[in-house]
Amino acid sequence: MEQLNPSLTKLIIPFFAISALLLIPSTSAQTCRTACGNQPLRYPFGSGPGCGDPRFQGRISCDEAQQMLTVTTHTGCYPVTAIDYAAQVIHISDPTMSTCACSQNSRGFGLDWDAPFSIHESTIFALLDCSTSASPIYSSAAPGNSSFTSSPLCDAAGTSICSFLYSCHAISLMNEPISTCCVYTPIDLGPAYDMDLGKLKCSSYSGFYSFDGQEVDPDRWKYGIALKYKFNVYNEYPSSCAKCERSGGACGYGGAYGTFVCSCPDSGLNITSDCSFGASWSETSGHILAPHTGTWPLLRSVVSILSLVMIRAP
């Protein structure tokens with residue numbers, strides 16, 4: 001048998017080594033999911049570590065036991081009731097807030113200063129059962145200053161909202177006058193991003209993000225808190241992620257530099273393109289790279305060059 005030229009052998013061995021590296025998709029013990037319970041998951045949210053956008057890691061997570069997406073801040077964990085991906089808005093509920101269905105004491109609500117979301121402008125907060133003599137919401141006086149001004153932290157136009165809320169049976173059981181209610185006005189809850197009811201001398205609060213076309217019927221209001229988010233500083237949806245999701249995958253990240261990966265739940269593979277590659281890899285018995293992936297043109301060029309070298313070799 002005729003032996004290969006040594007110089008040709010030096011070309012063939014690296015070729016097959018590089019090809020193997022290009023053909024083998026990365027695997028991971030963590031497979032990102034495209035849903036948490038009944039809530040579909042899309043970028044920038046993820047089902048666990050390595051999923052979604054790393055900025056949201058630890059802020060929004062999937063409770064495996066409850067099969068429920070939750071938002072976590074320094075004031076507690078809040079179930080996600082809906083996500084409007086088109087408007088980039090998350091709706092959450094606070095089990096401790098008062099509504100027409102139930103009134104109860106609450107510690108308030110706050111966002112972390114470095115959280116990747118903020119209060120949506122549709123959200124209205126109403127502080128309930130506030131001390132008219134001790135609460136700072138009724139005075140702009142600095143500590144030690146006895147000057148008094150009228151409701152600097154309350155929206156005077158919100159008086160009707162307080163009236164409707166105090167007409168609810170559950171809230172009326174507080175047996176407090178409407179003057180103890182305040183529609184809170186600070187944007188994003190003020191510079192501390194926090195509505196601390198203990199400091200504000202209020203026993204509870206209510207929050208809602210829509211009148212649902214029934215301004216005079218508080219039983220019909222959409223209770224909860226609406227949060228808005230951005231994809232990045234330019235608010236652009238990553239094209240690589242869009243391609244991944246169209247192929248049935250979930251966007252994630254991995255490696256030392258947190259680079260993009262497309263997690264494919266059906267195949268259990270994490271790859272750098274999209275799940276159409278993973279499907280081709282799983283379904284083709286010979287593990288041949290699908291010709292529609294980005295790596296195929298590179299391999300085809302290398303094969304062509306190597307073929308010419310082999311033809312010309314003595």
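Just so it is clear, the values below take in all heavy atoms, side chains as well, and ignore hydrogens, waters and symmetry mates.
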| request: State whether R59 and D114 are salt-bridged, where the test is any N-O pair (Lys NZ or Arg NE/NH1/NH2 against Asp/Glu carboxylate O) under 4.0 Å. | output: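 Yes.
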| Is the closest basic N to carboxylate O distance between R220 and E215 below 4.0 Å? |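 Between E215 and R220 there is no salt bridge, as every charged N stays at least 4.0 Å from the carboxylate O atoms.
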Enter the distance from [X]:[atom1] to [Y]:[atom2] here, rounded to the nearest 0.5 Å.
{"X": "I124", "Y": "T185", "atom1": "CD1", "atom2": "OG1", "answer": "12.0 Å"}
{"X": "L128", "Y": "Q104", "atom1": "CG", "atom2": "CD", "answer": "11.0 Å"}
{"X": "D274", "Y": "C264", "atom1": "CG", "atom2": "SG", "answer": "7.5 Å"}

| For the side chain to side chain contact (heavy atoms under 4.5 Å, CB included) test, which of N105, I137, D196 pairs with C202? |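 Going through N105, I137, D196 one by one, the side chain to side chain contact (heavy atoms under 4.5 Å, CB included) with C202 is satisfied by I137 alone.
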| Would L227 and S118 satisfy side-chain contact (heavy atoms from CB on, under 4.5 Å), going step by step from the backbone distance to the final call? | CA-CA 5 Å; L227 304 175; S118 57; over 6 Å; no
Taking the ring of [Y] and the ring of [X], is the distance between their centroids below 6.0 Å?
{"X": "F231", "Y": "Y234", "result": "no"}
{"X": "F125", "Y": "F208", "result": "no"}
{"X": "Y209", "Y": "H120", "result": "no"}

Cut-off 3.5 Å, side chains only: do [X] and [Y] have a donor facing an acceptor?
{"X": "D112", "Y": "Y193", "answer": "no"}
{"X": "S98", "Y": "S204", "answer": "yes"}
{"X": "T96", "Y": "D94", "answer": "yes"}
{"X": "Q88", "Y": "Y237", "answer": "no"}

| task | May I ask you to check if the distance between the SG atoms of C51 and C251 is under 2.5 Å? | result |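 A disulfide is absent here, as the SG pair of C51 and C251 is separated by 2.5 Å or more.
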| Quick check: are the SG atoms of C182 and C162 less than 2.5 Å apart? |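 Judged by the SG atoms alone, which are 2.5 Å or more apart, C162 and C182 are not bridged.
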| said: As a quick check of understanding, evaluate salt bridge (Lys or Arg N to Asp or Glu O under 4.0 Å) for E64 and R33, giving each step before the final call. | reply: CA-CA 12 Å; E64 298 289 347; R33 299 195 300 276; 3.3 Å; yes
Heavy-atom closest pair, residues [X] and [Y]:
{"X": "C244", "Y": "S263", "result": "SG-N, 4.4 Å"}
{"X": "G249", "Y": "C275", "result": "CA-SG, 3.4 Å"}
{"X": "C181", "Y": "Y138", "result": "N-OH, 3.9 Å"}

| task | Would you please classify the geometry between the Y229 ring and the F45 ring as parallel, tilted or perpendicular, with 30° and 60° separating the classes? | result |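 Answer is perpendicular, since the angle exceeds 60°.
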Using a 3.5 Å cut-off and no angle test, enumerate the donor-acceptor pairs between side-chain atoms of residues 164-171 and protein atoms at least two apart in sequence or in another chain.
from, atom 1, to, atom 2, distance (Å)
Y166, OH, D129, N, 3.1
Y166, OH, T180, OG1, 2.9
S167, OG, F164, O, 2.4

